[in-house]
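Since the structure is predicted, the reported quantities are computational estimates derived from the model, not experimental observations.
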Amino acid sequence: MPARDITEPRCATSRSGGVDLALVNYHFGTKYQLFAAVLERRGAVLNDERLRRLAEVRSIAAPRAPSTEAVVGAFLDPS
């Protein structure tokens with residue numbers, strides 16, 4: 001396999017997932033569509049966690065507004 005094929009997202013994904021590249025192509029089309037699907041799926045998970053952490057920051061600070069640092073921390077570090 002040529003070196004450039006190793007870095008192709010669909011090749012790496014299909015090899016690590018143990019699926020045929022044709023299935024990846026069928027379900028996602030282009031590598032850009034695959035990348036968008038991965039970002040959309042992971043983004044939804046991260047967004048849910050950010051919203052949960054922001055709600056937590058607000059409840060801890062209530063009845064006052066949370067600090068800027070707490071809000072930024074909840075948004076940037078949704079661990």
Looking at every non-hydrogen atom in both residues, tell me the closest pair between [X] and [Y] and how far apart they are.
X	Y	result
P66	A61	CA-CB, 3.5 Å
V71	V57	N-CG1, 4.3 Å
A74	R50	O-CG, 4.0 Å

Residues two or more places apart in sequence or in another chain: which of them pass side chain to side chain contact (heavy atoms under 4.5 Å, CB included) with E56?
R52, I60

How would you list all residue pairs meeting side-chain hydrogen bond (donor to acceptor under 3.5 Å, both in side chains) that involve residues 58-73, not counting sequence neighbours?
none

For L39, what are the other residues in its hydrophobic cluster, where any two members join if their side-chain heavy atoms are less than 4.5 angstrom apart?
F35

Strictly distance-based, threshold 3.5 Å: is any side-chain N or O of Q33 a donor or acceptor partner for the main-chain N or O of T30?
yes

Among pairs that include at least one residue of residues 34-45, which meet salt bridge (charged side-chain N to carboxylate O under 4.0 Å, His left out), considering only residues two or more places apart or in two chains?
none

Hey, could you give me the CG/CZ distance between N47 and F75, rounded to the nearest 0.5 Å?
7.5 Å

Gap separating the NE2 atom of H27 from the CG atom of L34, nearest 0.5 angstrom
12.0 Å

